[in-house]
Each structure stands twice: as structure tokens, then as C-alpha cells.
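A quick write-up on the structure given underneath.
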Amino acid sequence: MAEIKSDPQCIFCKIVKGEIPSKKILETSHCLAVLDIYPASKGHAIILPKTHAVILPQVPAEVLADMAILVKKISDLAFKSFKPAGLNVFLANGQIAGQKMPHVLVHVIPRYENDGIPMKLPENQPNTEELETVYNTLLQKTNVNLNMKFTPLGAGKTIQPSQISATTTAPASIPNQAPQAAPSSPPTIQSSSIAGSPSSSQIAQTPPQPQISEEQLHLIIENNPKLKSMLLENPAGLKEAISKTPQLQMVFAGVDIDALSKKMKGGADLDKISALFDKK
Amino acid sequence: MTCPLCQIVKKEIKALPLYEDEQIMAVMHPFPASLGHVIVFPKNHVQILTMVDDPILIKMHEVVQKISSSVFDALGSQGTNILIQNGELAGQTLAHFVINVLPRSVNDTLNFEWQPKQTPQEELDAILKSYAETQQKLIAAQSVVTPKEGDTNYMLKQLKRIP
């Protein structure tokens with residue numbers, strides 16, 4: 001069983017340890033379900049992991065699984081005990097999302113007529129271009145986070161194997177692939193390409209133009225540690241290598257290397273987000 | 001009655017999928033409440049949380065967690081909400097169980113803040129007692145927590161009205 005970390009300053013860690021009294025409904029090895037003492041409605045319960053985690057991404061897998069089942073169980077008990085007209089399960093990550101306490105809390109809120117709890121979602125007509133950009137960005141990250149190469153059919157620009165020379169294998173299109181599935185051969189770029197010495201037989205005849213979708217580019221980068229480290233540490237060197245290598249020119253056609261490098265270095269730091277709470 | 005999510009599963013409606021396996025799917029919400037709004041749902045047509053099989057629910061949570069991380073990483077979002085709506089009154093619009101992942105930003109129009117109620121101790125104790133009694137009854141009846149198919153759960157009757 002995973003070790004239970006606790007933060008001496010955190011009220012909910014004190015509840016877990018029994019240093020602060022609570023109205024306990026159920027307890028499992030990883031989680032606790034208690035009544036919210038300032039409820040939004042009758043039967044309002046909160047489910048919390050025993051180990052200290054500020055936001056959802058920090059919750060260990062086994063704790064998350066336990067939490068999911070406990071949320072279902074408490075929802076079932078709430079339905080049977082109070083016969084509400086509906087029920088919301090709500091979790092806020094970050095102050096901007098309405099998080100008040102620096103410990104992951106899942107709210108189970110039974111709903112009754114005219115209770116005034118705002119849980120309806122607006123349905124907005126999206127800007128198609130904006131939606132697709134966000135989609136591509138999210139897909140890349142989700143693939144990395146789930147350790148898979150999910151390339152939906154018909155999404156983004158497709159790449160033809162013939163457009164890419166032997167040294168650069170395009171990521172295969174694998175819908176329905178579970179994260180547990182055996183990994184397919186990752187796309188690789190041989191180090192010789194990066195070093196700028198392609199063999200003459202590999203020189204492509206296609207003129208360089210954007211041919212690879214953003215997620216495919218991302219997959220290629222993620223599967224080539226050398227390329228990734230160059231992109232992060234030596235974008236100028238990489239640009240030089242690209243100028244000498246047709247294969248790389250094809251991969252990076254139309255891509256702003258400096259911007260890409262910056263983007264890869266950036267990204268939200270989860271520790272920074274949780275640190276915002278610790279300062280309070 | 002055709003369910004749009006079942007149609008997405010059957011590929012009769014086009015969606016932007018982020019994840020798919022035999023049991024679950026995650027797609028971009030076609031009418032997002034906030035930019036980057038993702039829905040994660042079981043392929044099997046079930047209406048509410050208590051009807052979802054445990055292993056599927058666990059997998060859904062794993063994907064929800066990873067997509068939340070993606071939102072933090074990729075969209076530079078400062079927050080996310082995870083929301084489940086069971087029943088029309090709770091905001092459910094489709095009779096197919098969904099977990100919403102909602103990226104939050106300073107400029108969005110979302111607001112889920114409720115009014116916390118000062119509640120007397122006796123009232124809280126009575127609620128706790130109701131929970132304990134229901135739990136006891138379930139144990140006594142050795143009843144399975146998950147309602148079986150064909151169960152005449154009143155929540156389901158209510159949901160049948162949702163188009």
C-alpha cells in the first residue's frame with residue numbers, strides 16, 4: 001500500500017489523522033467520506049484521499065481507483081437515503097476553478113427542487129479553428145500522459161508513408177489502442193540525420209512543405225530523445241542540422257524551431273500551481 | 001430513441017476523439033462550456049454514475065485524471081473542474097453517463113459556487129444516521145450496490161424523459 005503523506009498545516013490531513021473531529025460516513029484504506037459541515041444541500045458529502053494531494057493530477061493511481069468506487073458508493077447511499085431529484089459530483093482543481101482547500105476533495109451533492117446550486121453547463125457554438133487547435137494540443141499531451149500513440153482516423157492532416165523516407169517512420173495510425181497494449185515501433189530518426197550526414201540514397205525529392213500534423217511531429221520528437229534534447233538545449237544547432245538534412249527539412253517544414261523549443265520548455269508546472277496554496 | 005453519444009461510439013456522428021478503447025471514449029465536447037471542454041463516457045449506454053461497472057469507472061477516472069494533466073500542461077490552464085451530472089435537475093442533458101473535464105480560465109463565464117449552509121449539529125447527526133442506516137440495510141440485504149439492468153430506479157424513469 002502506498003505511504004500516506006500528510007501535511008501538518010492541512011486541515012483535511014488532520015481530519016484523516018483524527019486530530020480534528022469529522023462526521024465520518026465511510027472509510028476505505030485510501031480514502032475517507034465525511035459530511036460537509038457547511039453543506040450545499042441535505043446529504044452533501046466529501047470524499048478525500050488520505051494521502052495529501054493538492055490537485056487531481058497528483059493523486060496516485062491506486063488511490064484514484066479507490067476514490068472512484070467510494071464516490072459511486074456514497075452517491076448510491078445518498079440516492080437511497082434522501083431520494084434527491086438529482087446528484088452532482090464535483091471536483092475543483094486550482095483556485096480559479098473554485099478550490100478553497102489545498103487538499104483534493106470530491107463533492108457529492110444531492111440535488112433538490114429550487115436548491116439554487118449552479119451545475120448546469122452552457123453549450124457554446126465553438127470557433128471551429130480554435131477548437132481544432134486546442135484539440136491537437138490536448139491530443140499530443142494526452143498521448144504522452146497516457147503513454148500511447150492514439151491517432152484518430154480522419155483527424156488532423158494525414159501522412160502518407162511514401163512521403164517520408166526510410167529514416168523517418170511516420171507514427172502508425174492506431175485507433176482503439178489501449179494504453180496497456182504493446183507499443184508499436186516508435187518513429188525514429190537515426191542519429192546520422194541529426195549529425196547532418198544523410199546517405200545520398202535517402203535524399204527525398206519532395207520539396208519541403210508542411211506535411212506532418214502537429215501531433216505527428218510531437219510523436220516524432222517524443223520518440224527521439226536526441227532530437228528532443230537538441231530542441232530543448234540547442235535550437236540553433238538543430239536548425240543547422242535541418243538545413244543540411246532533407247529528412248529533417250521534411251519533418252520540420254513550416255515549423256518555427258525557436259517557438260517550438262520555447263513551447264516545449266514551457267507548460268504549466270503542477271508544483272507551482274499547488275505551491276500557490278501553500279503560501280496562504 | 002437515438003443517443004448522440006452512442007452515435008459517436010458507432011462513428012455515425014463525427015467527433016474529435018482523444019482516447020478510445022473497447023469500453024470508454026473521450027472526445028472534445030462539440031458545444032463546449034469552456035475552451036478545451038472534454039467529455040469522458042462509457043461506450044455502453046448507461047444513464048447515471050451508480051450504473052457504471054467498477055472497472056469501467058476506474059478506467060474513466062484514470063483518463064479523466066490524465067486529461068486534466070494535459071489541460072494543465074498543454075493549455076496552460078490554471079484550473080479544471082470535474083463535473084458529473086446525474087439527473088435533469090443536476091444539469092444532465094443526455095441520458096448517457098458522462099464525466100466533464102472543464103478547463104478554467106480567468107475569462108470564462110462558468111460559475112459553480114454554491115451557498116454553504118450553516119447547519120445545526122443535530123441536523124448533521126440525523127443525516128449521518130440516515131447514511132449509516134441505509135448502509136446497514138444494504139449490508140443486511142447483501143444487496144449489490146450497482147442497480148441491475150431493468151431496475152426500476154426512480155432516477156432512470158426521470159431520465160427517460162430526456163430526449
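Sequence lines set the chain letters: A, B, ... in the order given, protein chains first and strands last, and positions in each chain run from 1. This one's a predicted model, so the numbers in the text were calculated from it and none came from an experiment.
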Per-residue contact mode, B:Gln115 against chain A (heavy atom under 4.5 angstrom): backbone
Write down the atom of B:Leu49, the atom of A:Ser75, and the distance for their closest heavy-atom approach. CD2-OG, 3.2 Å
If you count heavy-atom pairs under 4.5 Å with chain B, which of A:Ile69, A:Ile109, A:Asp66, A:Ile117 comes out on top? A:Ile69
Taking every heavy-atom pair that is under 4.5 Å apart, which of B:Ile67, B:Ile99, B:Leu75 has the most such pairs with chain A? B:Leu75
What option among A:Pro84, A:Pro118, A:Ala65 has the most heavy-atom pairs under 4.5 Å with chain B? A:Pro118
So which atom in B:Pro32 and which in A:Asn124 form the shortest heavy-atom distance, rounded to 0.1 Å? O-ND2, 3.0 Å
Less than 4.5 Å to any heavy atom of chain A: does that hold for the side chain of B:Val106, its backbone, both, or neither? both
Any residue of residues 117-127 of chain B which, by heavy atoms, sits under 4.5 Å from chain A: B:Lys117, B:Gln118, B:Thr119, B:Gln121, B:Leu124, B:Asp125, B:Ile127
When A:Val106, A:Leu87, A:Val134 are compared by non-hydrogen pairs under 4.5 Å with chain B, the top option: A:Leu87
Are A:Pro122 and B:Leu110 packed together at the side-chain level, in the sense that at least one heavy-atom pair is separated by less than 4.5 angstrom? yes
Do A:Leu121 and B:Gln85 come within less than 4.5 Å of each other through their side chains, counting heavy atoms only? yes
Of all heavy-atom pairs linking B:Ser69 and A:Asn145, the shortest is CB-ND2, 3.6 Å
Out of B:Asn81, B:Ile82, B:Val101, which residue meets the side chain to side chain contact (heavy atoms under 4.5 Å, CB included) rule with A:Asn93? B:Ile82
With a 4.5 angstrom heavy-atom cut-off, is it the side chain or the backbone of B:Asn100 that approaches chain A, or both, or neither? side chain
Which region of A:Val34, side chain (C-beta onward) or backbone (N, CA, C, O), has a non-hydrogen atom less than 4.5 Å from a non-hydrogen atom of chain B, or is it both or neither? neither
How long is the gap from CG on A:Leu131 to CE on B:Met28, to the nearest 0.5 Å? 5.0 Å
Highest number of heavy-atom pairs under 4.5 Å with chain A among B:Gln65, B:Arg104, B:Glu133 belongs to B:Gln65
Rounding to 0.5 Å, atoms NZ (A:Lys100) and CD (B:Glu113) come to a distance of 3.5 Å
Determine whether the side chains of A:Ser81 and B:Ser130 contain a donor N or O and an acceptor N or O closer than 3.5 Å. no
Among A:Gly116, A:Ala78, A:Ser41, which residue has the highest count of heavy-atom pairs closer than 4.5 Å to chain B? A:Ala78
Got more than 12 heavy atoms from elsewhere within 6.0 Å of NZ, A:Lys42? no
Name the region of B:Leu102, side chain, backbone, both or neither, that has any atom closer than 4.5 Å to a heavy atom of chain A. side chain
Considering only heavy atoms from C-beta outward, does the side chain of A:Leu146 approach that of B:Leu18 to under 4.5 Å? no
Looking only at B:Ser70, B:Gly91, B:Gly36, the option with the highest number of non-hydrogen pairs under 4.5 Å against chain A is B:Ser70
For B:Pro103, which atoms come within 4.5 Å of any heavy atom of chain A: side chain, backbone, both, or neither? neither
Among A:Ile37, A:Leu138, A:Asp115, which residue forms the greatest number of heavy-atom pairs with chain B at distances under 4.5 Å? A:Leu138
Least distance between heavy atoms, B:Leu89 atom then A:Lys120 atom: O-NZ, 4.0 Å
Can you pull the ring-ring contact (aromatic ring centres under 6.0 Å, His included) pairs that have at least one residue in residues 98-126 of chain B, sequence neighbours excluded? A:His44-B:Trp114, A:Phe90-B:Phe112, A:Phe90-B:Trp114, A:His107-B:Trp114
